[in-house]
Each structure stands twice: as C-alpha cells, then as structure tokens.
Protein chains: 2
Amino acid sequence: MTSQHPSPDREPAGRQRTRRSPAPHERLRDAERTKARILDAAVEVFSAKGFDRARVADIAARAGVNQQLISYYFGSKRGLYREIGRRWRAYEAEAIPEGLEFAEQIKRGVRASVDPRFGGRLLAWDGLYDTGEDDEGDEETRERNAQLQREVRALRERQRAGELDDRFDPAALILIGLSAGNALAVYPHLARGLFGTDTISPELVEHYAEQLARVISSLPAAAPPRVPDSSE
Amino acid sequence: MTSQHPSPDREPAGRQRTRRSPAPHERLRDAERTKARILDAAVEVFSAKGFDRARVADIAARAGVNQQLISYYFGSKRGLYREIGRRWRAYEAEAIPEGLEFAEQIKRGVRASVDPRFGGRLLAWDGLYDTGEDDEGDEETRERNAQLQREVRALRERQRAGELDDRFDPAALILIGLSAGNALAVYPHLARGLFGTDTISPELVEHYAEQLARVISSLPAAAPPRVPDSSE
DNA sequence: GGAATAGTCAAACGAGTATTTGATTAGCTC
DNA sequence: GAGCTAATCAAATACTCGTTTGACTATTCC
C-alpha cells in the first residue's frame, strides 16, 4: 500500500536525518508512512553494520522519528530485524526473477549486493550469525530452502538439456555463484586491495559482475573440452 | 582469608572449560601457556560469533582462566582480537603456501575455512565490519594488500604462459576463488538448504572443495573453446 | 630462605544502549 | 467541537558486559 518511493530526496550530509517535517498537505501523523521510513532506514543500517553494531537511535534518526517508535511498532530491535528479513525475501524474488540466464542472474546479484537499499550483506550477516542450532525449522528457513531447491532443479534441467556438464553439482554451483556474487559486499577490504582502489565504484561493480558472469559462462557444456590435470 | 578453591573444576555442563589443572609436573603458573590458551579459545569464539557477540567471559571460560587475564595480557578485548589477526595471517601463509596450483590452493582454502581452529570466518567478519573509512593505511592492511597483489601477479604470469585466457582479470578471479572458498563457512544456512543436510559434514566439505576446484580448472586456456553469448 | 615480582583471581565499577514509563497531541467519529 | 484512540515524544530505567581495583600466591633471584 505505502512505501512507494523509499526516499524521494536526501540531504547529502554525513549522518543524514531524512526529512523531518512532512510536505505541506501531508498528514502529520501516519503510521504506515512512519513504519515504512523506519524499515527503509533499518535495512541500510542493519546491512551496513550488522545487528549488534546497529543502533536503534541511529535507525530512528535516519528515519526522522523518535526511537521509541521502534519498540512501539516492531516490539523490539530484533522484531524489526525479523520484519526486515520478511520484506527482504519478497524484494529479492522480485529483483532477481527466476528463469533468467544463470549468468544474468549473477550479474544482477552482484549489482544488488552492493546496493545499500537492497541489503545484500544481510545474507552474509545471517550466515555468520547462524550457529546451526537455534533457528532451525522456522517458517522463513523453510521458505528459503524451497527457493534454493527450485534453483537447483532449474540447473539440473539445463544439465539434462546438455547445456552444462553434468559432473557439476548444481547445488555447489549455486553456492559458488551466490557467494562470489556477494564478494564485493562481503569483502570490500579485499576488493580494494586486489583492484587497487580506495572505494568500490560503480565501474568496478560492473567490471566484477562481467568477470563473474564470464567465469560462469565458461563452464563446459556436456563434453568438457579440456581437463588436462584432473588426477582422478 | 577467603575460600580456598572456589571451583577447581566445573561440571561438564554445556559450555565446556578446557583442562583446568596442569599436568603433575607442569608449572602452576606459566604466562606463555596461559596466553596461548586464551588465544586458542579466542580464535574459536571470535570466529564463531564475531567480535561483538563474542564474550570475554566465554573466551576465558574456554581457556580455563580468569577473565581479567584477557585485559592483563592483551590490554582489552580489541587488543586480543588484533593479536588474533596477526597470528592468523602468519598461519594462513603457512597453511596455504604460494606456488601451488590455483585449484589446489582453493581446495585447501575450503578445508581451512571450516576449521574452527583456523577461523576462516574471521575474514568475512572483518569485511562486513569494514566501513571503508576507519582503519585504512595501517600496517596489517598494507601487508595483506601486498600478499594479494603477489597472488595477482602470479596469476598474470600464468596468463602470459598461455595457461589461462587473458580476458579474465586475475584480481577478479582471486576474489571469486576466495569468496567461493569461504562459502561453506559464511553461508552455512544456504549450504544446508542447498545440499539438504542438517550439518556441514567433512564429506560435504570435500565434495564442495572438489566442485569448486573443478570450476576453476575448467576456465579456458588462451583460446576460449566456446563463448556463445559474450556480447563484446 | 626471604624479598621482589609476575601470575592469577573475585568482586565492584561504569559505560553504552535497548526498553519502559508516563505524558502530550493529531486525527477521527458522532 | 467534545471525546476517544492512535501516534508520537522525552526522560528514566534496567541490564549487559568490558574494564578496573585491590588482594592473594607461585616463582625466581640473591
């Protein structure tokens, strides 16, 4: 219903505080609008700093609201984080639709991973925070697993069609693609050192996306062209 | 006088406490041994939980020492973390020597990444915590960058030798290899969903390492065998 | 064997922060 | 427009840890 434009305009100042007073003819109080602002701010902050280092005061300031509203609307900081997770999966499915060429999916994934609006780093945070014990079997986990399995089947289909050497395990390929696609977001320090830049520029993102797509596209089809030193 | 031994050893409930009393002929007090115990415990805890979620009380308990000793020997929790970083780079260089076949390096990297002793997750933690602003230009960063650049040169050398299509950017390939090599450690939740297992077994690690190495080995040499949809 | 020192510890302290409390007011309904 | 409820806020609270303090003791050196 709401959340049309995440942020129509933004001050280019350091720790920005998005517009404080609503437009002339807007309502002064609007629960949905406020919630949306908090969520937008929360995605950025959680994605950038992770759950523990994220400050509810920071999120509230960016959203331009009182920090108590986070408890009011989402129960707690963790409740807000969970809500983010739900919205994120929905957005993900939309931004990277299935059925695309695997290489094209990869490219989109790379671009999305470094977009602060998107919060691709959340995936890595979740994985690192994951202890393998606590949150098993919940709804969100099941949903995500189903999504992953769907992608596995899609790749397997291509193997049957002869587009990909069937000695590759689709599950492994997907994990490789996802992790490598997130690399700029997860290892910015390595990226800077490797590419010799001070910052992750849009050009670098495109370059890396291109390279990763090329690697994926180079995988041999049904008949592997050369495997000179495979010792088994 | 206070109580003599508050708790010489602890019930083996859940949070384990490694050996409390030294062997019969060992010294009761040994700074180096204590420091080493703390460091070993710290690697595991920091790697598993990240800096913020790691508890000095937990590290001390695992090391079987009083938690004040962490401040005493390393100044602070952060000081301990820095020391971990130093040792880690040294260990890394030893566990994954240069000069190996790239695919073999990858395999070793995968195995190391899931070894709690090694703490491959630390690399991801560092990257996620990295804000691109604070810790630039310090000694450790420079050293790591030099190491990365060395690997870039090595790959470029192979391109000159015709072993690898020179349309691949060595820096990008290394980032792909590193990030994909760490995938099991960084995205255990995805791995479980993809491979349909409850845990990351050693067999799964070997399987994934094998697969990733195969992908790397499949990269075309000087003449790309098939690039059907590369549009440049 | 008797200081001196380094190693170790338990308990108290204090900084940082999420959450609760209690008050204020916009916006809707009749 | 009176009254009610939802939305908002500032300030106080409560709690979780990392660090400091001060005391105790094994080890070493003369």
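In the text below, chain A, chain B and the rest are named by the order of the sequence lines, each starting its count at 1.
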Length of the [atom1]-[atom2] vector between [X] and [N], whole Å:
{"X": "A:Glu32", "N": "D:dA7", "atom1": "CD", "atom2": "P", "value": "8 Å"}
{"X": "B:Arg78", "N": "D:dG18", "atom1": "CZ", "atom2": "P", "value": "12 Å"}
{"X": "B:Arg33", "N": "C:dA6", "atom1": "CZ", "atom2": "P", "value": "18 Å"}
{"X": "B:Ile38", "N": "C:dG7", "atom1": "CD1", "atom2": "P", "value": "12 Å"}
{"X": "A:Asp58", "N": "C:dG16", "atom1": "CG", "atom2": "P", "value": "16 Å"}
{"X": "B:Asn66", "N": "D:dG18", "atom1": "CG", "atom2": "C1'", "value": "13 Å"}
{"X": "A:Ile59", "N": "C:dT19", "atom1": "CD1", "atom2": "C1'", "value": "14 Å"}

Sub-4.0 Å heavy-atom contacts from residues 67-74 of chain A onto DNA chain D, ordered by number: A:Gln68, A:Leu69, A:Tyr72, A:Tyr73

Look for any protein N or O under 3.5 Å of an N or O in nucleotides 13-17 of chain D and output each such pair with its distance, or none.
residue: D:dC17; atom: OP1; partner: B:Arg55; partner atom: NE; Å: 2.6
residue: D:dC17; atom: OP1; partner: B:Arg55; partner atom: NH2; Å: 2.8

Pair A:Glu206 + A:Arg111, salt bridge at N-O below 4.0 Å: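 Here A:Glu206 pairs with A:Arg111 in a salt bridge, since their nearest N and O are under 4.0 Å apart.
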
Of all residues at least two apart in sequence or in a different chain, which pass the salt bridge (Lys or Arg N to Asp or Glu O under 4.0 Å) check with [X]?
{"X": "B:Asp52", "result": "A:Arg53"}
{"X": "A:Glu104", "result": "A:Arg108"}
{"X": "A:Arg82", "result": "none"}
{"X": "A:Lys77", "result": "none"}

Listed partners of A:Asn145 passing side chain to side chain donor-acceptor pair (under 3.5 Å), at least two apart: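 None.
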
Partner set under side chain to side chain donor-acceptor pair (under 3.5 Å) for A:Gln149, not counting sequence neighbours: none

For B:Phe46, all residues meeting ring-ring contact (aromatic ring centres under 6.0 Å, His included), sequence neighbours excluded: B:Phe51, B:Tyr81

